2 protein chains.
Amino acid sequence: MGTVSNVLNRPDTVSPPTRERVLTAIADLGFVRNESARHLRAGRSRTIGLLVLDIANPFFTDAARGVEEVANAQGLAVILCNSDGSPAKEAAHLEVLTEQRVQGVVITPTAELSTQLQALRSRGVPVVLLDRRAPGPDQCAVAVDDVLGGRLAADHLLERGHRRIAFIGGSGGLPQLQERHDGVVAAVREGTGAEDALTVLTPETLTVAGGREAAARILGLPAARRPTAAICANDLLAMGVLQEMVRHGVRVPEDFAIVGYDDIDYAAAAAVPLTSVRKPRVELGRRAAELLLDEAGGGTQDRPHVHEQLVFEPMLVVRESSMVRRPRRTVAS
Amino acid sequence: MGTVSNVLNRPDTVSPPTRERVLTAIADLGFVRNESARHLRAGRSRTIGLLVLDIANPFFTDAARGVEEVANAQGLAVILCNSDGSPAKEAAHLEVLTEQRVQGVVITPTAELSTQLQALRSRGVPVVLLDRRAPGPDQCAVAVDDVLGGRLAADHLLERGHRRIAFIGGSGGLPQLQERHDGVVAAVREGTGAEDALTVLTPETLTVAGGREAAARILGLPAARRPTAAICANDLLAMGVLQEMVRHGVRVPEDFAIVGYDDIDYAAAAAVPLTSVRKPRVELGRRAAELLLDEAGGGTQDRPHVHEQLVFEPMLVVRESSMVRRPRRTVAS
DNA sequence: CAACCTGTCTGAAACGTTTCATTCGATGCT
DNA sequence: AGCATCGAATGAAACGTTTCAGACAGGTTG
C-alpha cells in the first residue's frame, strides 16, 4: 500500500494518527521491507561489493573494516568476497555481484584487469581499485607508492651492510608486487652497482606457507651465493621466512635479516619482531569506499564526480628482524 | 520474455535454433539476470548471511572460509558481516540481512541471543550458531567443548607445577568464554584444592590490546599474589599478554607461562610460539553452513531436517610458551 | 478427415515495493 | 453560497523475472 511506503520513507507527509496506526500494525505483523522489491522498483540496490585477494591476510581485513565503516554509515551493506588470487573465483564473484546489481565494487584484482571487470564498468557500475594503481585516468584507485616502498626496504638493508639480498614475491604477476620488485631492483643497483646482488624468488602463494617455501630454497643455495637478507612482498611471506629460518637454526637478524611489507599487526608480534613497510591499511579501505560512493552518487550537488588516483606514501618501520649491522664492511651513514 | 527464462533455466525445453538465437542476443546485449527480480518472483534469495564477532580475528576468517566454500558450491553468495562484539551493530546487520531475505544466517552472537535473532527465527529463517552452543534442541549449533578446552589448558599448567594461574577473558559475558572459565575453575580446584589459586581478569576487548592491558594488570600485582601463568580465552589475548611480558623483560615461559585458545596460525609464529587449544576452525564453518543449507532446504527428499547440536573436541597443542616446569615442587605425572 | 497428441513458443499474471496521478474532504476566500 | 486551494489518503502502474495456461503448427491415430 502506498501509505505504508510513505510512513516508512516520508513520515511527514502522512498525518500523525494514520502514521501511528500503520506503525503499530507494522510492529504487530513483524513486517520487514523486502529489499529486493525495493531495489527492483528503485533500480538501484543498497549494497556494494568488496572483492579481496586473500581474506586470511590481515591487511585485507583491515582494509575491509575501512570500507565497511564508510559504507554502513551511508546505510549500505557490503558483500565481502574472497578471490584467493584465482581469476576464476574472481570472475564467479563478479558475476554474482553483477546479478545483485551492487552500486559499485571495490576490488583488488588478480593479475590483469579481467574482461568481467571491464564489462562491469561499461555497464556503468563504478569500480575502485584497492591497493592497485589505475591503468588510466578514467578510473578511481587507491594505492601505495610501492616502488618507493621497495626502495625504502632495500636502502635500509644496504645501509646495514647487506650486499646479497633476496626479493620474495616474484617479478611478474600482480603489478603491486612488480612495483615493489622494481623499487628494490633500482635501489640495489644504485647501492651496489652489482647485477647479481639480487636474488628473486617466486613462491607458489603469497602466504606463510609460500614464505617457508622460499626460505627453504634460500637455504639450499651455496653459501657464497646465499643472500644475507630478504625483502618479502608481504608480511605473511616474511613470517613464513622467519619460521623456516628459525627452524633451521639460522639466527634472525644476526645470520639473516628480514623485511616485510604491509606492517600488519602480527608483524610486530612475530618471533622476531618484523621490520616492515607500513601502509595506512584502514584508511586505504575508507578512501576507496568514499571514492566509490561519490562515483555511484554522481558526485555531490555542486560537484560532479571526478576520477581520482590516490597514492599513499609508505613508511619503513624498523624492528628487530633487520636490526644488526653486517660485520663485513662499514657503511656510510 | 518467457522464452529467455526458459533458455536460461530449462534449456532442453526450447528448440536448438531458438536457443542459439537467444544466447547470441544475450551475449550481444551483455544481458545479466537481475537477481532481485528473480528473488522477488521466486520468493527466496540466493544468499546467506554470516555474522561474526571480530573479522580481524583469524579464527573467524578461517571459519568464514569454511562457510563460503560450502555455500558457493551450492551457488549461494555469502554476505559477511562483522558485529565487533557490539549488540547494536549485530542488530543493525541482522536488520539488513532480514531485508535482504537471506535464506539463513550463521552467527556467532554477542552476549544473549537477541530478540532480533528470535524474530528472525520466528519468521522461519534458519539460524545456525557458530562456536556457541544452542540453548535448546530446537536449533542447530556448531560448537566446541569449551569446558574441556579450559580443563586441558589448566591441567597442562598444573602438571607443569603452576599453582597461581590467571584466566584472561572474564567469567561472564559470552557463554563460550564462560565455559572456558568454568573448565579452568574446575580443573584448578581439583588440582590444587585452593580457592585463591585462580585470578580472573576481564579485559576491555578480546584483542591483542586487551591482552596487553590484562598483562599490565598482572604485572601490577604484588609478587606473592602474582600468577605464574595465564590461560587466555583466545589467541589474540595471548599474543597481547606475550608482547607486554616481553616488553617488561619477563621471560616466557621461564618467568611466566602462557596458553592461548583457538590455535590460529599466528599462534605458532609468535615471538614465543604459543601453546594453544586447537579447534577445527574451517571445519566448524563448513559444518555450520551444511546444517544451515539443510535446514533452509527442508532436509533432503527422503529425510526432513533435524536440528543438530555438534560439539567438537578441542585438543591442546603444546609449544614453547608453556614448556618449562616450575622449579618449586615436583609434580606427579 | 476429424480428433488428438506433441513439441515450441507466446502472453499474462504475480512477486512487494515506490511513485505519481487522482480522489476526497475540509478549509479559506471572494 | 460557490469556488479555489490545500492536505491527506487511495489506487494503479512499473520494475524484471518466473511460471503457467494457452495458442499454434505438424504429425499421428482411429
Side-chain angles (χ1 to χ4, degrees), chain A residues 1-47 49 74-77 79 95-104 119-120 123-125 296-297, chain B residues 1-47 49 74-77 79 95-103 119-120 122-125 296-297:
Chain A
M1 199 204 289
T3 308
V4 176
S5 175
N6 283 333
V7 170
L8 258 25
N9 302 313
R10 314 203 217 37
D12 42 314
T13 70
V14 57
S15 74
T18 350
R19 198 191 313 156
E20 234 18 74
R21 235 159 15 95
V22 171
L23 285 176
T24 58
I26 284 179
D28 286 354
L29 300 174
F31 171 87
V32 176
R33 276 196 291 229
N34 182 321
E35 172 61 24
S36 286
R38 236 186 144 189
H39 157 206
L40 180 58
R41 165 68 222 217
R44 54 168 20 207
S45 72
R46 306 284 298 160
T47 49
Q74 303 269 329
L76 298 182
I79 303 185
E95 177 78 17
V96 170
L97 293 175
T98 309
E99 289 185 354
Q100 300 275 353
R101 295 291 191 277
V102 290
Q103 280 203 22
L120 202 59
R123 287 181 139 262
V125 179
Chain B
M1 200 205 289
T3 308
V4 176
S5 175
N6 283 333
V7 169
L8 258 25
N9 302 314
R10 315 202 216 35
D12 43 314
T13 70
V14 56
S15 74
T18 352
R19 198 190 313 158
E20 239 12 82
R21 234 157 19 94
V22 171
L23 285 175
T24 59
I26 284 179
D28 286 355
L29 300 174
F31 170 87
V32 176
R33 275 196 293 227
N34 182 321
E35 173 61 24
S36 285
R38 239 187 141 189
H39 157 205
L40 181 59
R41 166 68 222 213
R44 52 164 25 202
S45 72
R46 304 286 297 159
T47 48
Q74 303 270 329
L76 298 182
I79 303 185
E95 177 77 17
V96 170
L97 293 175
T98 310
E99 287 184 355
Q100 300 274 352
R101 295 291 191 276
V102 291
Q103 280 203 20
L120 202 60
S122 60
R123 289 181 137 261
V125 179

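All chains are named by letter (A, B, ...) in the order of the sequence lines, taking the proteins before the strands, and each is independently numbered beginning at 1. None of these values were measured; they are calculated from a predicted model.
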* Can you check the A/Arg19 CZ to D/dA8 P distance for me, whole Å? -> 9 Å
* To do: Determine the contact category for B/Arg10: base if any of its heavy atoms lies under 4.0 Å from a base atom, sugar-phosphate if only primed atoms, P, OP1 or OP2 are that close, otherwise nothing.
  => sugar-phosphate
* **Out of C/dG16, D/dA9, C/dT17, whichever nucleotide has its closest atom nearest the side chain of A/Arg38** => C/dT17
* Expressed in angstrom and rounded to an integer, what is the separation of B/Glu99 atom CD from C/dG16 atom C1'? -> 13 Å
* Structure fact -> Distance col, row B/Asp12:CG vs B/Arg10:CZ, nearest 0.5 angstrom, shows 9.0 Å
* Asked: Out of D/dA9, D/dT17, D/dC15, which nucleotide sits closest to the side chain of A/Leu40?
  -> D/dC15
* With sugar-phosphate meaning primed atoms plus P, OP1 and OP2, does A/Gly43 contact a base, only sugar-phosphate, or nothing at under 4.0 Å between heavy atoms? -> nothing
* Result of checking B/Leu76, B/Thr47, B/Val125 against B/Gln103 for side-chain contact (heavy atoms from CB on, under 4.5 Å) -> B/Leu76
* To do: Using whole Å, report how far CD of B/Gln100 lies from C1' of C/dT17.
  => 14 Å
* With a 4.5 Å heavy-atom cut-off, do B/Leu8 and B/Phe31 have their side chains touching? -> yes
* Base, sugar-phosphate, or nothing: which does A/Thr3 touch, judged by heavy atoms less than 4.0 Å apart? -> base
* Side-chain N or O of B/Thr18 closer than 4.0 Å to phosphate OP1/OP2 of C/dT8 -> no
* Structure fact -> From the candidates D/dG16, D/dA9, C/dT18, the one with an atom nearest any side-chain atom of A/Arg33 is C/dT18
* For the side chain of B/Arg41 and the base of D/dT18, is some donor closer than 3.5 Å to an acceptor across the two? -> yes
* B/Glu35 CD - D/dG16 C1' separation (whole Å) -> 12 Å
* **Residue-phosphate contact under 4.0 Å: B/Asn6 side-chain N/O, D/dT18 OP1/OP2** => no
* Structure fact -> Among D/dT18, D/dT17, C/dT19, the one nearest any side-chain atom of A/Ser5 is C/dT19
* Sugar-phosphate only, base, or nothing, as touched by B/Val32 at under 4.0 Å among non-hydrogen atoms -> sugar-phosphate
* Roughly how far, to the nearest 0.5 Å, is CZ of B/Arg44 from CZ of B/Arg38? -> 11.5 Å
* Side-chain contact, heavy-atom cut-off 4.5 Å: A/Arg101 with B/Glu35? -> no
* **Between D/dC20 (P) and B/Asn9 (CG): distance, integer Å** => 13 Å
* Structure fact -> Of B/Arg101 and B/Thr13, the one whose closest nucleotide on DNA chain C sits nearer the 5' end is B/Thr13
* To do: Would you kindly give the CG-to-C1' distance between B/Leu8 and D/dG16, to the nearest whole Å?
  => 13 Å
* Between D/dG16 (P) and B/His39 (NE2): distance, integer Å -> 17 Å
* Asked: With nearest nucleotides of DNA chain D determined for B/Asn34 and A/Pro17 from heavy-atom distances, which residue corresponds to the more 5′ nucleotide?
  -> A/Pro17
